[in-house]
Amino acid sequence: LAASVLGLIVLAALIVVSNRQVRYWKNTESLARRGAEIAPAGFYPQLHLGKLALARGQWEAARSNLESAVEKNPSLVPGLMALAELELAH
């Protein structure tokens, strides 16, 4: 009985934590924003945010995020390619 009660408590705690995390997994943008928030030194969130902004024609946001990603990882080929695409598009 004690093990069952403990199991239910753990399950309830996991449900609460999972429910809070689901907000960040709604779409690629919300996930990337959360990644940038919790790991500001990481370059992948900025890369994804920059590519999303580029696809939407949001040139300044694209440039800012892509430059940030490449600054953090100068050999980031997808970031360099996206910056080149931005230059050609705008």
Side-chain angles (χ1 to χ4, degrees):
L1 180 64
S4 295
V5 171
L6 180 60
L8 287 174
I9 291 170
V10 169
L11 182 61
L14 290 173
I15 288 171
V16 169
V17 170
S18 296
N19 191 29
R20 288 185 3 207
Q21 289 300 314
V22 165
R23 290 180 289 160
Y24 303 118
W25 288 77
K26 283 190 271 186
N27 55 45
T28 302
E29 183 177 4
S30 65
L31 183 58
R33 287 194 187 287
R34 178 63 175 162
E37 201 176 279
I38 62 172
F43 53 87
Y44 275 115
Q46 275 76 32
L47 173 63
H48 291 297
L49 289 169
K51 290 174 86 174
L52 285 168
L54 180 61
R56 295 175 180 159
Q58 299 169 337
W59 313 123
E60 293 307 314
R63 181 176 310 282
S64 174
N65 282 295
L66 292 170
E67 286 177 349
S68 175
V70 170
E71 182 179 299
K72 293 172 185 176
N73 183 353
S75 62
L76 184 64
V77 173
L80 295 168
M81 291 177 64
L83 278 169
E85 184 180 340
L86 173 63
E87 290 301 318
L88 292 172
H90 182 63

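One is the number of the first residue; the rest follow in order along the sequence. For clarity, every value in this text was computed on a predicted model and none was experimentally measured.
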List in chain and number order the residues that pass side-chain contact (heavy atoms from CB on, under 4.5 Å) with E71, two or more places apart in sequence or in another chain; answer none if no residue qualifies. none

Can you list every ring pair (Phe, Tyr, Trp, His ring centres under 6.0 Å) pair that touches residues 63-85, not counting sequence neighbours? none

Do W59 and L66 sit in the same hydrophobic cluster, where Ile, Leu, Val, Met, Phe, Trp and Tyr count as joined when their side-chain heavy atoms come under 4.5 Å apart? yes

CG of L6 to CG of L11, rounded to nearest 0.5 Å, is 11.0 Å

With sequence neighbours left out, the residues meeting side-chain contact (heavy atoms from CB on, under 4.5 Å) with A69 are F43, Q46, L47, L76

Grab the two heavy atoms, one from G50 and one from A62, that are nearest each other, plus how far apart they are. O-CB, 3.6 Å

Counterpart residues, side-chain contact (heavy atoms from CB on, under 4.5 Å), relative to L52 (two or more places apart): T28, E29

Can you name the salt bridge (Lys or Arg N to Asp or Glu O under 4.0 Å) partners of E85, sequence neighbours left out? none

Spell out, as yes or no, whether a donor-acceptor pair under 3.5 Å connects the side chain of S30 to the backbone of N27. yes

side-chain contact (heavy atoms from CB on, under 4.5 Å) between R33 and H48, intermediate numbers included: CA-CA 9 Å; R33 287 194 187 287; H48 291 297; over 6 Å; no

Check for me, please, whether V70 and L49 land in the same ILVMFWY cluster - side-chain distances under 4.5 Å, paths through other members count. no

Is the backbone N or O of Y44 less than 3.5 Å from a side-chain atom of K72, with the two atoms forming a donor-acceptor pair by type? no

Shortest non-hydrogen pair, P45 vs G35, comes out as CG-C, 3.7 Å

Could I get the full list of salt bridge (Lys or Arg N to Asp or Glu O under 4.0 Å) partners for E60, not counting sequence neighbours? none

